[in-house]
Amino acid sequence: MLRKSPLLFRRTMSSLIHNPKTEQYTLAALNEKDVAKRPELQFEKWFKEAQEQNIVVPEALNLATAELPSGRVSNRTVLMKELDTNGNVVIYSNWGTSRKAADFKTNPYVSLTFWWKELQRQVRVEGKAHLLSKEESQPYFDERPKGSRIGAIASKQSQPIESREKLEETVAQVAKKYQDTEEIPCPEYWGGLAVEPDHWEFFQGRESRVHDRIVFDKQGSDWKVSRICP
Ligand SMILES: Cc1cc2nc3c(=O)[nH]c(=O)nc-3n(C[C@H](O)[C@H](O)[C@H](O)COP(=O)(O)O)c2cc1C
């Protein structure tokens, strides 16, 4: 069999990655005078526009966590379930066994990124997070389809399991336990994480990559608004 040289392989890859005819961002602009007074209101406005544009899963975001003292960073996609009345971004997950749980136990600071391609927009959020109580998490847990609730109980998220069959067997055992009821208690380790933002960035793509980037930095109970370079 003919093997490609590493150089040839790199060339093939780079022609795929570095497409010279990259998309130009010309849809909109973002000016200091047009942004809302508070970042959560600006986020609400953009989020509604993302929904109106029928962007696929606009609530999908990338959550980055960092383990201390190693400083090692990991990230994954999760779904925003709520922007609460304090302007906190709430996500739900397993806080017992997952990688994000292990990271969060050592370091409460996280960052989030939304990307809405069709609007040529990115939103970045940074802040300290805290876990919601079982009582605060239960209402959302109850809204989830039964299968997802059972899955949350059966799955030791991010821990190794010997096979798909073993996983399905574990799920089936939990399903059997709750077969006659809709009332399933939210597991101790499962629930909401509220991210309390102290920094937001609203990025509107512009022509020739000279983008608009407006940032909000928390100062007491107020927000300082600035423009940063693309
Ligand atoms: C579109 C999408 C949405 C997801 N939403 C969630 C979510 O809301 N909560 C969650 O725990 N995992 C969610 N996941 C799975 C995570 O990406 C990840 O696999 C899981 O949380 C374990 O990550 P960890 O071990 O780094 O903590 C989602 C994955 C995708 C692709």
Side-chain angles (χ1 to χ4, degrees), residues 40 43-44 46-51 53-84 86-119 121-164 166-168 170-171 174-175 184-197:
E40 63 272 23
F43 180 80
E44 258 180 39
W46 272 21
F47 190 75
K48 276 193 191 124
E49 288 171 9
Q51 287 177 312
Q53 284 288 315
N54 294 322
I55 284 180
V56 178
V57 205
E59 68 272 33
L61 62 94
N62 183 278
L63 164 72
T65 52
E67 198 260 351
L68 287 176
S70 71
R72 200 173 163 126
V73 179
S74 65
N75 64 75
R76 75 290 291 156
T77 308
V78 294
L79 301 180
M80 179 189 79
K81 289 294 168 186
E82 197 188 339
L83 181 68
D84 76 13
N86 298 316
N88 298 336
V89 179
V90 182
I91 62 152
Y92 283 82
S93 192
N94 172 311
W95 302 104
T97 60
S98 69
R99 172 77 184 273
K100 69 182 94 53
D103 289 356
F104 175 70
K105 272 175 201 147
T106 69
N107 178 3
Y109 288 94
V110 304
S111 76
L112 318 172
T113 312
F114 296 85
W115 180 47
W116 298 318
K117 179 181 183 294
E118 292 79 354
L119 288 167
R121 286 174 178 169
Q122 171 180 238
V123 178
R124 293 168 58 174
V125 184
E126 291 174 26
K128 200 172 174 179
H130 67 267
L131 292 175
L132 300 190
S133 67
K134 193 168 188 285
E135 292 68 37
E136 289 169 311
S137 299
Q138 184 78 48
Y140 169 66
F141 188 74
D142 291 342
E143 276 177 23
R144 304 181 88 214
K146 192 172 185 185
S148 306
R149 285 179 280 155
I150 287 167
I153 295 172
S155 163
K156 290 191 171 60
Q157 192 178 55
S158 307
Q159 295 305 305
I161 187 156
E162 54 262 42
S163 65
R164 176 81 206 178
K166 180 71 188 164
L167 176 61
E168 287 178 9
T170 315
V171 172
V174 179
I184 304 177
C186 178
E188 290 298 334
Y189 53 80
W190 197 95
L193 182 86
V195 180
E196 306 162 45

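For ligands, and for the atoms within them, numbers begin at 1 and follow the listed sequence.
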Report, as yes or no, whether the 6.0 Å neighbourhood of atom [atom1] on [X] holds more than 12 heavy atoms from other residues, nucleotides or ligands.
| X | atom1 | value |
| --- | --- | --- |
| Lys146 | NZ | yes |
| Lys81 | NZ | yes |
| Trp115 | CH2 | no |

*Check whether the side chains of Thr97 and Ser158 place a donor and an acceptor atom closer than 3.5 Å, and report yes or no.*
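No, no side-chain donor-acceptor pair sits under 3.5 Å.
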Could you check [atom] against the protein and tell me its nearest heavy-atom contact, residue, atom and distance included?
| atom | value |
| --- | --- |
| atom 15 (C) of ligand 1 | Thr77 O, 3.8 Å |
| atom 9 (N) of ligand 1 | Tyr92 O, 2.9 Å |
| atom 23 (O) of ligand 1 | Lys100 NZ, 3.5 Å |
| atom 8 (O) of ligand 1 | Leu79 N, 3.1 Å |
| atom 11 (O) of ligand 1 | Ser93 OG, 2.6 Å |

*asked:* As an exercise, identify every atom of ligand 1 less than 4.0 angstrom from a heavy atom of Arg99.
replied: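 Ligand 1 atoms under the 4.0 Å threshold to Arg99: 24 (P), 25 (O), 26 (O), 27 (O).
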*Output the list of atoms in ligand 1 that are nearer than 4.0 Å to some heavy atom of Ser158, sorted by atom number.*
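With Ser158 as reference, the close atoms of ligand 1 come out as 22 (C), 23 (O), 24 (P), 25 (O).
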Looking at [X] and [Y], would you say the former's side chain and the latter's main chain have a donor-acceptor pair under 3.5 Å?
| X | Y | result |
| --- | --- | --- |
| Arg149 | Cys186 | no |
| Asn107 | Ala66 | yes |
| Thr170 | Ala154 | no |

*Which one of Leu63, Val78, Val57, Val56 has a non-hydrogen atom at the shortest distance from atom 7 (C) of ligand 1?*
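It is Val78 that holds the nearest heavy atom.
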*Taking the minimum heavy-atom distance to atom 12 (N) of ligand 1, which of Gln157, Gln159, Arg76 ranks first?*
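Residue with the shortest heavy-atom distance to the ligand atom: Gln157.
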*Ring centers of Phe114, Phe43 separated by less than 6.0 Å*: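 Centroid separation for Phe114 and Phe43: below 6.0 Å.
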*May I ask you to check whether Ala60 has an N/O atom sitting below 3.5 Å from an N/O atom of ligand 1?*
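The answer is no, given that Ala60 and ligand 1 share no N or O pair closer than 3.5 Å.
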*For Asn94 and ligand 1, does the shortest N/O to N/O distance drop below 3.5 Å?*
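Not met; the criterion fails.
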*Check whether any protein heavy atom sits under 4.0 Å from atom 19 (O) of ligand 1.*
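Protein heavy atom within 4.0 Å of atom 19 (O) of ligand 1: absent.
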